[in-house]
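Every chain is numbered from 1, with letters handed out A, B, ... down the list of sequences.
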2 protein chains.
Amino acid sequence: MTTRAKTPASTSLATLANDLRLACMRISRRVRFESTDIVAPHQFSVLARLEETPRTPRELADIERVSPPSMSRTVAALVERGLVLRADDPTDGRQVILSLTPEGVRTLKDIRRRRDEWMASRIKGLSIEEREVLARASEILLRVAGE
Amino acid sequence: MTTRAKTPASTSLATLANDLRLACMRISRRVRFESTDIVAPHQFSVLARLEETPRTPRELADIERVSPPSMSRTVAALVERGLVLRADDPTDGRQVILSLTPEGVRTLKDIRRRRDEWMASRIKGLSIEEREVLARASEILLRVAGE
DNA sequence: TATTGTTATACTCTATAACTATA
DNA sequence: TATAGTTATAGAGTATAACAATA
């Protein structure tokens, strides 16, 4: 492989890709493992999608890349728990509109708070310079992840 | 959510924790979604553990925080696929020693290559400065994740 | 008696196929 | 006939409880 950069070896594309991927995956893994969420991962994803805007089960299934029956079941569990509200679509009798209940909003906030607390506890001991690096990296990564 | 951090020193701990966590989780999510792994996540974890050193099912269950019966099942599937080798422990008849087969080693490498390719394609278009930020961030994050 | 590992059984999440209701 | 959603059924992964083999 060609390392054409005058910069350190750590900026080789392949090395950086591997290091960065591992770093992100390990952080994510520990966040999930140690913040003991109140809802399952697939339920959390649905709540987060409904926080953006009300959606139909079909839309959620497409976004989350699961089958309609799976989403039907996931939604049913969230409705059962009082986190999601079902409403008939006034213009199309086949569809249902799903949205978050106040309890759903609270649950989402609570989960994020716990996750953030874990992350905050990890970076609390870092230097100002290190935090600045991470702040800049966050911006870049969020942009890259959104592309 | 809460972006805005043009004044580095005033970047709050909570804001950084949230941005950084979201960034890592979104990157991880996309890596998993789009590199279409050959084995399931829990199987990959076990292969990676066995790459470090041969282990018993009990050790794997403790490390991966699943029950012994679950690990028993996971291991059986990997043995069935020819990725893991079972061997009797010569000093303790109750135990079995699990290790990777050559095919298991190849599979692990292949999965990592695919994941890295996705990540590399994402950072290919970044500037030298941005890559340097990510390289420094990787070091910090890997250290933090390992604590 | 304690430990390792498996089998028995049940619950959850996933999928495909078939069904109902509406457009 | 096509679409939205659910129900029927089956296949994995996980768990707890009970069992077998060994220490």
Does the side chain of B:Thr74 get closer than 4.0 angstrom to OP1 or OP2 of D:dT14 through an N or O atom? yes
Toward the 5' end of DNA chain D, which comes first, A:Gln95 or B:Met71, by nearest nucleotide? A:Gln95
C:dC13 C1' sits how many Å from A:Phe44 CZ, rounded? 18 Å
Within 45 degrees of the ring normal and closer than 6.0 Å to the centroid, is that where the cationic atom of B:Arg115 sits relative to B:Phe44? yes
Taking the side chain of A:Pro69 as its heavy atoms from C-beta onward, which of C:dA23, D:dT7, D:dT14 lies nearest to it? D:dT7
Rounded off to whole Å, could you give me the CG-to-C1' distance for the A:Asp92 and C:dA23 pair? 7 Å
Rounded to whole Å, how long is the line connecting atom CG of B:Leu98 with atom C1' of C:dT6? 13 Å
Rounded to the nearest Å, what distance is computed from the CD atom of residue A:Glu80 to the C1' atom of nucleotide C:dC11? 15 Å
What I want to find out is whether B:Glu130 reaches A:Arg143 closely enough, with some N-O distance under 4.0 Å, to be called a salt bridge. yes
Under 4.5 Å between any side-chain heavy atoms of A:Val84 and A:Ser99, yes or no? no
By the 4.0 Å heavy-atom rule, please label A:Arg58 as base, sugar-phosphate, or nothing. sugar-phosphate
Could you check how far CG of B:Leu78 sits from C1' of D:dG13, rounded to whole Å? 13 Å
Quickly work out the A:Gln43 CD to C:dT14 C1' distance and round it to whole Å. 14 Å
Tell me whether B:Glu103 is salt-bridged to B:Arg106, with the criterion being a basic N under 4.0 Å from an acidic carboxylate O. yes
Considering just the side-chain nitrogens and oxygens of A:Ser72, establish if one lies under 4.0 Å of OP1 or OP2 belonging to D:dT6. yes
The side chain of A:Ala40 lies closest to which of these nucleotides: C:dC13, C:dA8, D:dT14? C:dC13
Which one, C:dT6, C:dT4, D:dT6, comes nearest to the side chain of A:Arg86? D:dT6
Could you check whether B:Arg112 pairs with B:Glu51 (Lys NZ or Arg NE/NH1/NH2 to Asp/Glu carboxylate O, under 4.0 Å)? yes
Taking the nucleotide of DNA chain C with the nearest heavy atom to each, does A:Gly93 or A:Ser67 sit closer to the 5' end? A:Ser67
Nearest to the A:Arg94 side chain among D:dA4, D:dA21, D:dT7, which nucleotide is it? D:dA4
Nearest-angstrom distance from the residue atom CG of B:Asp62 to P of D:dT14: 15 Å
Distance, rounded to the nearest Å, where B:Asp88 contributes CG and C:dT4 contributes C1': 13 Å
In terms of the nearest nucleotide of DNA chain C, which residue is placed more toward the 5' end: B:Pro68 or B:Arg73? B:Pro68
N/O (side chain, B:Ser70) to phosphate O (OP1/OP2, D:dG13) under 4.0 Å: no
How would you label the contact of B:Pro57 with the nucleic acid (heavy atoms, under 4.0 Å): base, sugar-phosphate, or nothing? sugar-phosphate
